[in-house]
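One structure is given below, encoded as structure tokens.
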Amino acid sequence: MNHREFEQLQLKSKLFQRILDEIDVGVHVVNEEGRTTFYNKKMAQIEGMDYEDVLDKNLLDVFSFNQDEDSTLLQALKNGSKIKNAKQTYFNNKGQEITTINNTFPIMEDGEQIGAMEIARDVTKLEKLIRENMNKRGDTRYTFDSIIGSSDEIQEVIEASKRATRTSSSVLIIGETGTGKELFAQSIHNGSSRSSKPFISQNCAALPDSLIEGLLFGTKKGAFTGSIERPGLFEQANGGTLLLDEINSLNPSLQAKLLRVLQEKTVRRVGDTKDRTVDVRIIATINEDPIDAISEDRMRKDLYYRLSVVSLFVPPLRERRKDIRDLAQFFIEKYNQLFGMNVAEIDEEVMSKFEQYDWPGNVRELEHIIEGAMNLIDQEEAISYVHLPLHFRNKPQFKEEPNKTGHLEDLLIQKNKPIKPLEQYIQEAETYYLKKVLKHHGNNITQSAKSLGMSRQNLQYRLRKYGVRKETAD
């Protein structure tokens with residue numbers, strides 16, 4: 001080979017490398033010894049590796065497989081046969097899991113095998129999503145006793161839900177985000193004759209359409225590249241209950257397939273021709289008015305009528321303000337146990353504002369506010385204004401008004417004055433407020449404690465803590 005031929009060969013090699021680096025599939029080539037001789041850019045991205053960590057290295061020195069035979073490259077090298085659309089899960093040298101769909105074939109020259117080549121597509125994220133959703137089942141810890149609230153609004157929904165436990169009719173639970181729709185779904189399942197059977201929950205908005213169809217109805221091996229024989233959620237929930245959360249997020253074609261399953265009580269896996277009989281109770285949730293969803297083509301009218309055999313409307317928190325106090329106390333007790341704390345209550349001033357607030361995030365927002373406040377508490381026994389998360393205090397309804405709270409001007413941040421430590425500010429503000437309340441009630445401990453929404457013992461503890469004496473409370 002002369003110099004010019006060598007240069008041309010080098011140029012062709014560079015062009016070949018450039019072309020394979022630009023394609024959107026991984027390419028991995030090994031020689032007859034199992035050492036990597038070619039590795040393109042996409043394959044490096046899929047496997048999270050650098051070129052130098054893989055090139056000229058033995059495959060088994062870089063990647064981990066359950067068994068040597070699990071490597072499709074090594075299988076093609078060993079058997080000299082093509083492997084089509086094989087799913088493979090393995091680990092890189094950092095311990096990261098990778099899942100690919102591979103087409104692998106031996107490389108022959110003059111009738112002899114000199115290596116193997118693999119073309120791979122990354123399905124790591126899809127497999128992870130499937131596993132996560134497959135694992136979200138069997139957790140039915142909620143019953144009707146778990147639902148907090150004595151208001152007529154919530155009690156009416158509870159009674160209607162209890163009546164729904166007697167049948168296997170479809171249920172549509174309507175309510176804003178954060179109102180606790182899944183609590184009712186689990187309670188209905190646990191109160192029904194299906195309670196010993198599977199309860200499977202799937203958020204329809206959590207997965208793309210291409211994945212949700214196979215997840216719901218199952219897949220047949222070979223239906224599409226990389227598909228395996230897998231039962232869907234309907235088959236897995238057979239005999240039990242399937243909760244479809246945010247049903248209005250399904251596209252119309254999937255809603256049509258869902259309607260067919262509900263009407264015929266059979267399911268057909270993607271790519272299959274066989275119908276399988278299923279006995280599943282469907283509970284669906286929707287976070288908007290169904291009429292709006294239908295008029296704006298987010299929900300099929302026929303599916304709505306099929307699902308809404310029983311319709312439950314879970315009221316937003318602003319329509320059941322009577323329950324705010326009980327819910328807040330429940331969350332305080334919950335996080336006392338989780339955090340090892342001993343918070344007793346919420347200051348009456350803060351509770352009053354809670355009861356006036358509209359709570360757009362509903363019960364979930366209230367829980368997050370209580371959890372956030374308890375993260376800011378030190379040794380105090382009550383949640384006060386200063387413990388509320390900053391973003392919440394900045395809401396117009398919650399901004400403190402100095403004239404109403406009675407905070408002294410010298411307790412606030414002023415120009416040209418040093419900023420006091422937060423703990424000192426809180427202590428001074430609380431001391432001043434306790435003195436004012438005592439003075440207002442003529443130093444009567446019982447009346448002062450009642451107006452503050454705390455026990456006599458709690459108030460006396462605070463007075464001792466801050467060194468406040470009744471006769472000096474002026």
Side-chain angles (χ1 to χ4, degrees), residues 142 146-158 160-161 172-187 201 203-206 243-250 283-296 298-299 311-335 343 345-377 383-401 404:
Y142 297 120
S146 307
I147 302 172
I148 307 299
S150 58
S151 65
D152 292 341
E153 292 80 3
I154 201 68
Q155 286 298 317
E156 183 179 345
V157 186
I158 291 173
S161 302
L172 181 63
I173 305 177
I174 304 157
E176 296 176 8
T177 299
T179 51
K181 297 186 290 296
E182 183 158 353
L183 269 71
F184 282 92
Q186 289 193 21
S187 298
S201 173
N203 187 327
C204 299
L243 170 61
L244 298 176
D245 197 17
E246 297 188 49
I247 191 74
N248 49 321
S249 65
L250 283 181
I283 300 180
T285 73
I286 185 170
N287 56 10
E288 62 176 330
D289 188 323
I291 304 304
D292 291 339
I294 292 169
S295 63
E296 296 173 17
R298 286 189 296 275
M299 189 170 189
S311 292
L312 301 174
F313 295 84
V314 183
L317 191 53
R318 63 182 174 275
E319 294 179 7
R320 46 180 290 220
R321 296 180 190 274
K322 179 182 177 182
D323 298 329
I324 292 175
R325 192 176 293 267
D326 289 340
L327 285 164
Q329 193 60 43
F330 172 80
F331 292 133
I332 287 174
E333 292 170 4
K334 173 182 176 178
Y335 289 103
V343 176
E345 57 193 355
I346 296 176
D347 281 353
E348 196 59 36
E349 182 183 2
V350 174
M351 180 58 72
S352 177
K353 293 188 175 184
F354 274 10
E355 291 173 338
Q356 296 170 24
Y357 181 54
D358 277 346
W359 298 103
N362 294 296
V363 178
R364 187 178 298 151
E365 183 183 8
L366 174 60
E367 179 176 4
H368 290 170
I369 294 303
I370 299 296
E371 181 183 2
M374 291 182 68
N375 273 276
L376 297 178
I377 281 183
I383 294 174
S384 62
Y385 174 82
V386 294
H387 300 129
L388 299 179
L390 184 61
H391 73 274
F392 201 70
R393 279 185 279 159
N394 285 337
K395 294 179 182 293
Q397 304 96 317
F398 281 85
K399 285 195 174 181
E400 262 192 330
E401 301 176 38
K404 289 186 178 180

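If you read the sequence from its start, that first residue is 1, and numbering goes on from there.
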Would you call [X] and [Y] a side-chain contact if the rule is heavy atoms closer than 4.5 Å?
X	Y	answer
Arg321	Asp358	yes
Ile173	Ile283	yes
Met374	Tyr335	yes
Phe313	Pro315	no
Phe354	Leu317	no

Nearest heavy-atom pair of [X] and [Y]: which atoms, and what distance?
X	Y	result
Ser146	Tyr142	OG-CA, 3.6 Å
Glu246	Ala205	OE1-CB, 3.6 Å
Ser150	Lys322	OG-CE, 3.8 Å
Glu365	Tyr357	OE2-OH, 3.0 Å
Pro290	Ile174	CG-CD1, 3.6 Å
Asn362	Gly178	CB-O, 3.4 Å

For [X], enumerate each residue passing the salt bridge (Lys or Arg N to Asp or Glu O under 4.0 Å) test, keeping only those at least two apart in sequence or located in another chain.
X	value
Glu345	none
Glu367	Lys334
Asp323	Arg320

Residues which pass side chain to side chain contact (heavy atoms under 4.5 Å, CB included) with [X], listed by chain and number, not counting sequence neighbours:
X	result
Ile377	Met341, Val343, Glu380, Ile383, His387
Glu156	none
Ser161	Phe144, Val157, Phe184, Ile188, Leu312
Asp245	Asn203, Thr285

Between Glu176 and Asn287, does any side-chain donor sit less than 3.5 Å from a side-chain acceptor? no
Going by atom types only, do Gln356 and Ser352 share a side-chain donor-acceptor pair under 3.5 Å? yes
I need the [X] [atom1] to [Y] [atom2] distance, nearest 0.5 Å.
X	Y	atom1	atom2	value
Ile332	Glu371	CD1	CD	13.0 Å
Ile147	Ile158	CD1	CD1	4.5 Å
Gln329	Glu333	CD	CD	5.0 Å

Contacts of type side-chain hydrogen bond (donor to acceptor under 3.5 Å, both in side chains), residue [X], not counting sequence neighbours:
X	result
Glu348	Arg325
Ser249	none
Glu288	Asn248, Arg298
Ser295	none

Taking Ile324's backbone N and O only, do any of them form a donor-acceptor pair with Glu355's side chain (distance below 3.5 Å, no angle check)?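 Here the side-chain-to-backbone pair does not exist.
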Keeping Asp347 on the side-chain end and Glu349 on the backbone end, is there a donor-acceptor pair under 3.5 Å?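 Pair absent, no side-chain N/O of Asp347 close to backbone of Glu349.
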List the steps, then state whether side chain to side chain contact (heavy atoms under 4.5 Å, CB included) holds for Ile370 with Ile346. CA-CA 9 Å; Ile370 299 296; Ile346 296 176; 3.6 Å; yes
Test side chain to side chain contact (heavy atoms under 4.5 Å, CB included) on Phe330 and Leu366 and set out the steps. CA-CA 11 Å; Phe330 172 80; Leu366 174 60; over 6 Å; no
Would you please name every residue forming a ring pair (Phe, Tyr, Trp, His ring centres under 6.0 Å) with Phe331, sequence neighbours left out? none
